[in-house]
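Here is the naming used below: chain letters follow the sequence lines, and residue numbers restart at 1 for every chain.
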Number of protein chains: 2
Amino acid sequence: MTLAEKAYVSLRKDIVEGCFSAESPLRLADLSKRYGMGFSPLREALNRLQAERLVTAESLRGFRVSPLSLHEFEDALHARLLIETEALRLSIAKGNDAWEASVVATFYALRQQTKRKGGDVDELRTRHHAFHRSLLAACGSDWLLDFFERLYAATERYRIPALLAAGPQKRDIDSEHGAIADAVLARDANRAEAILREHYLRTAVTIRPAMETA
Amino acid sequence: MTLAEKAYVSLRKDIVEGCFSAESPLRLADLSKRYGMGFSPLREALNRLQAERLVTAESLRGFRVSPLSLHEFEDALHARLLIETEALRLSIAKGNDAWEASVVATFYALRQQTKRKGGDVDELRTRHHAFHRSLLAACGSDWLLDFFERLYAATERYRIPALLAAGPQKRDIDSEHGAIADAVLARDANRAEAILREHYLRTAVTIRPAMETA
DNA sequence: GTAATAAATACTTTCGAAAATAATCAAAGC
DNA sequence: GCTTTGATTATTTTCGAAAGTATTTATTAC
């Protein structure tokens, strides 16, 4: 893996996880120290992230972490519903045995991690993403999967600030995920879509107040 | 405008317009000569284009123009329909007078250019894009507009090879555009969506055979 | 002739410095 | 005191060279 690729992976992770606060400038000298590399690979990574809308650039004034706003969050969530309900329908229509198995497997792995008290939050994050991705993985559309990844990253950025503001969850997210998996494995597209929609609207309700205070 | 931005604009244009054939390698030495700049701004542009899927990169083996394939074209067109029908509905619901005026204006400008025999093909391309964008411009969703731009560029790449293979058009594209504009200005979302869908499916019919021979 | 190895070449990637621009601070003028 | 101007500093952007990696060509051994 080249340095530019490492820079891209590290920066993306750190932005999505909120290590840099929103709108803070990403100065090359700082990043160079932090990641132990020269300017070139960092700038290449920043350009990629700019195309993904995780960072914004202004001519001759460098890069910043993209801002967070309630409007952008609602927009991203709306787009996610559009993309994911379609991809989920396609997946359910086209998915084979191996796909079903991966849905079962990623759901199981996710539940294992949520059960483990005091477990690695990073691992939980990874498994949550893997589960949601596996639901759509058989849709056969690279474009929809690409859009899913971008919207997932965009909305993931709102989770940490929201959790900090709202305190511990009252939702039983495991059982929501389980219900989606059940509907998917039953190949019931309408039910799966309805639950997925509920799942996201509930997330919106959690995050909205946290954004309004900020 | 920085050199990196110029490189991005030029490269994007040249790729979309087919100045480089699909899958051809984009060697830095060549690009440096062609655009008259060093490696750094070119690499930054290539990284952005990679994130937009117009170029593909392989570690330590550089960049190439992304391949064209029938499957990818149909995928992109399907995604366009999903995105654009939704954005169009939102635009029709939310658009104000100024938006209506811009639809009228861009349609008029487009028709002027199609009428001009032997006119600038580049100008026609610009106006075609402006018209389609203006239809969606009032949707209020940055994400949907962003996806529209990416899919538009992706599908535009197929037009030139297809036209070369299929010869002159038998469709009356002006009147198809006019019908969309009419439905939009009448705020008839269902009719607008139906015509837009027809419009794209007809495009698919034009391009499909050209892809199969290649 | 073919396969394996070694040398040469082509190309990508990365760095460090130079150039260019923006931001900050101090002094002068009103 | 306030604004303008000029100098200083901080930062981004770009280049050219160096380092590292793939690819091709040549050579040798079988």
Using five base pairs at each end to define the local axes, how bent is the helix from C:dG1-D:dC30 to C:dC30-D:dG1, to the nearest 10°? 0°
For residues 97-111 of chain B, please give each side-chain donor-acceptor pair under 3.5 Å, one per line with the distance, not counting sequence neighbours.
residue, atom, partner, partner atom, Å
B:Trp99, NE1, B:Ser134, O, 2.8
B:Glu100, OE2, B:Arg187, NE, 3.1
B:Glu100, OE2, B:Arg187, NH2, 2.7
B:Ser102, OG, B:Trp99, O, 2.9
B:Thr106, OG1, B:Ser102, O, 2.9
B:Thr106, OG1, B:Val103, O, 3.2
B:Thr106, OG1, B:Ser134, OG, 3.0
B:Tyr108, OH, B:Gln112, NE2, 3.1

State which residues pass ring-ring contact (aromatic ring centres under 6.0 Å, His included) with A:His177; sequence neighbours excluded, sorted by chain then number. A:His128, A:Phe131, A:His132, A:His199
Which donor-acceptor pairs under 3.5 Å do side chains of residues 22-30 of chain B form with protein atoms, sequence neighbours excluded?
residue, atom, partner, partner atom, Å
B:Ser24, OG, B:Ser21, O, 2.7

Taking the six-membered ring of B:Trp143, is the NZ or CZ of A:Arg53 close enough (under 6.0 Å from the centre) and on axis enough (within 45°)? yes
Face-on cation placement of A:Arg133 at A:Tyr152 ring, 6.0 Å and 45° thresholds: no
Rounded to whole Å, please give me the gap between CD in B:Gln50 and C1' in C:dT13. 14 Å
Pairwise ring-ring contact (aromatic ring centres under 6.0 Å, His included) hits with a residue in residues 35-93 of chain A, at least two apart: A:Phe73-A:Tyr158
Scan nucleotides 9-14 of chain D nucleotide by nucleotide, 5' to 3', and note B when protein non-hydrogen atoms come under 4.0 Å of the base, S if they reach only the sugar-phosphate, - if neither. --SBBB
So, B:Gln50 versus A:Tyr8: side-chain donor-acceptor pair below 3.5 Å or not? no
For the CD1 atom of B:Ile160 and the CD1 atom of B:Ile207, what is their distance to the nearest 0.5 Å? 9.5 Å
